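Single-structure report; data block below.
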4 protein chains.
Amino acid sequence: MLNRVILIGRLTRDPELRYTPAGVAVTTFTLAVDRPFTNQQKEREADFINIVTWRQLAETCANYLRKGRLTAVEGRIQVRNYDNNEGRRVYVTEVIADNVRFLESSNSGGNREEGMGGGQAPSQGQQRYSGPRDNQDPFQDDGKPIDISDDDLPF
Amino acid sequence: MLNRVILIGRLTRDPELRYTPAGVAVTTFTLAVDRPFTNQQKEREADFINIVTWRQLAETCANYLRKGRLTAVEGRIQVRNYDNNEGRRVYVTEVIADNVRFLESSNSGGNREEGMGGGQAPSQGQQRYSGPRDNQDPFQDDGKPIDISDDDLPF
Amino acid sequence: MLNRVILIGRLTRDPELRYTPAGVAVTTFTLAVDRPFTNQQKEREADFINIVTWRQLAETCANYLRKGRLTAVEGRIQVRNYDNNEGRRVYVTEVIADNVRFLESSNSGGNREEGMGGGQAPSQGQQRYSGPRDNQDPFQDDGKPIDISDDDLPF
Amino acid sequence: MLNRVILIGRLTRDPELRYTPAGVAVTTFTLAVDRPFTNQQKEREADFINIVTWRQLAETCANYLRKGRLTAVEGRIQVRNYDNNEGRRVYVTEVIADNVRFLESSNSGGNREEGMGGGQAPSQGQQRYSGPRDNQDPFQDDGKPIDISDDDLPF
DNA sequence: TTTT
DNA sequence: TTTT
């Protein structure tokens, strides 16, 4: 009934942009979110959380996000499952983002500007999508997005 | 750096209370969270999200939550992994709750009361835990909580 | 850059539905949100938070919400100010809701159904609006919504 | 019953640190949070939201936050009221923060580091306080924190 | 001006 | 398989 997630962390790799057969953009990346500091402080721990974005937001993320960038993500948890090649049911959890904020400019060095800097800030994650068109599961067993049937994609 | 989740849904089963070897309570349950309306509206879809609570909150959840109850959960996403018996790395995602609100009374029939009804409302989820003591992974491959080394549990 | 609020509480009164000159619906109500338990536990305390909804969501809220109902609200904080009749600047803070969940059915007695019960659940708060059309300030000095210029209302 | 706010914005001024008669630290500042894009895009609009932090978190914020810094705040909405000198009831809304993240380093120029930079990162907002000790109202009519009776402050 |  |  209500499902909201807000994360701040850093990209572990450059984002990956794919397209469904019908040409719908989907971008995936992983956010490393440091845990509140651990007891023994042995090693600094993080959760690695898979993020999925769709359509215009996917394009923007692919264009402007890069490995290591501090990023805020707003969205919802999606859990899907499939049976892998060994006939075993696998559960996959991702965050379907509908709002992404770039907290570090691309021109490293001076980042009093958030977003892309230079004042020519793009729409960068302003788009908010909700509803069925975000209900997809773009990852395969190997972690790469799959080809999604366009029947699943409303307008 | 920041990791916050808020969910409202219904328990798919009664909660399960376990104890670590040192006697720390951990309760797990699954929340069915209806998705915002789906495309063809074919069947009503939901995400099934695993929730973990610790200590006093675990005891309270075990005592008062039941299958089917409408419940609000606040916490953070935790991703852990382990190598299963086939030597395959498995990733598990759970929500470590630090705040649980009972939105339906136990006396089914009249539920204008939230919490436990009867006025003798317990502390019911008021406790907020943070820090390392919530950093555990109580589920096994089969979805049941494992026995957790108490070394991992600060105070 | 990011502004998100999630509340669960009870309506202090029936919601009020108004219309802008151009006929845009705006519904306002106040949510009583109990505070996490107070020190001396003298009296149970709550925060009374003003909520504003627009358009279809406003209509749905006006139709289905009533005084006392347990309700979840998702939205953003908006702060506006105006100079009152004494020439004093007054600051007003509201939550502009884009998602409202009815946690108690209207047919009091049996509420295993959320929303309106009876299966004929309406769209009830599924609509998510964002952007400038929510940037209005519908309250007057006396707490009643004002007539809003339709110039401020995009499509 | 549930009251959670997450904000990302910039300080409009340096934070102000005060102490209650009993020596409890309270720091206040205002966060400018840009609104999602405005109608005519005439001028860039923002909400100016008052933030209150207590105790250790107050000290940390006072030490490390400065005007203009990009900052994430997690907390809850608090609404209080008082009668001003003209005998008029005034309502004040603030966010009582229990988690503050410094998204820009203090050594302006190179801010790939979050927090305080230099590796000597302090505890910086890790502390999470809940319960009655955050239920205070440190602002006066003129926006400055008042002296708070220590009776109101549990331990 | 406040809800259960 | 992980970021600073």
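From a predicted model like this one, the values you see are computed outputs, not experimental measurements. Reminder, nothing fancy here: chain letters follow the sequence lines and each chain counts from 1.
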Would you kindly give the [atom1]-to-[atom2] distance between [X] and [N], to the nearest whole Å?
{"X": "C:Asp14", "N": "E:dT2", "atom1": "CG", "atom2": "C1'", "answer": "13 Å"}
{"X": "D:Tyr91", "N": "E:dT1", "atom1": "OH", "atom2": "P", "answer": "5 Å"}
{"X": "A:Lys67", "N": "F:dT1", "atom1": "NZ", "atom2": "C1'", "answer": "11 Å"}
{"X": "D:Gln78", "N": "E:dT2", "atom1": "CD", "atom2": "P", "answer": "17 Å"}
{"X": "A:Asn50", "N": "F:dT3", "atom1": "CG", "atom2": "C1'", "answer": "14 Å"}
{"X": "C:Leu31", "N": "E:dT3", "atom1": "CG", "atom2": "P", "answer": "13 Å"}
{"X": "C:Phe102", "N": "E:dT4", "atom1": "CZ", "atom2": "P", "answer": "18 Å"}
{"X": "A:Phe48", "N": "F:dT4", "atom1": "CZ", "atom2": "P", "answer": "11 Å"}

- Task: For C:Asp47, check side-chain hydrogen bond (donor to acceptor under 3.5 Å, both in side chains) against everything at least two apart and list the hits.
- Result: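 Per chain and number, C:Asp47 pairs via side-chain hydrogen bond (donor to acceptor under 3.5 Å, both in side chains) with C:Arg35.
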- Residues in side-chain hydrogen bond (donor to acceptor under 3.5 Å, both in side chains) with A:Thr30, at least two apart?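 Once residues adjacent in sequence are excluded, the partners of A:Thr30 under the side-chain hydrogen bond (donor to acceptor under 3.5 Å, both in side chains) criterion are A:Asn50.
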- Considering only F:dT2, F:dT3, E:dT3, which nucleotide approaches the side chain of A:Arg10 most closely?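 So the side chain of A:Arg10 is nearest to F:dT3.
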- Message: Counting only side-chain heavy atoms from C-beta out, which of F:dT2, F:dT3, E:dT2 sits nearest to A:Arg13?
- Response: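 That would be F:dT2.
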- Minimum side-chain heavy-atom gap A:Val73-A:Phe29 below 4.5 Å: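 They are in side-chain contact.
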- Message: Between D:Arg89 and E:dT1, is there a contact of a side-chain N or O with OP1 or OP2 at under 4.0 Å?
- Response: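 For E:dT1, OP1/OP2 do have a side-chain N/O of D:Arg89 under 4.0 Å.
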- Would you check, one step at a time, whether the test side chain to side chain contact (heavy atoms under 4.5 Å, CB included) holds for D:Glu86 with C:Arg88? CA-CA 11 Å; D:Glu86 287 105 53; C:Arg88 208 173 153 75; 3.9 Å; yes
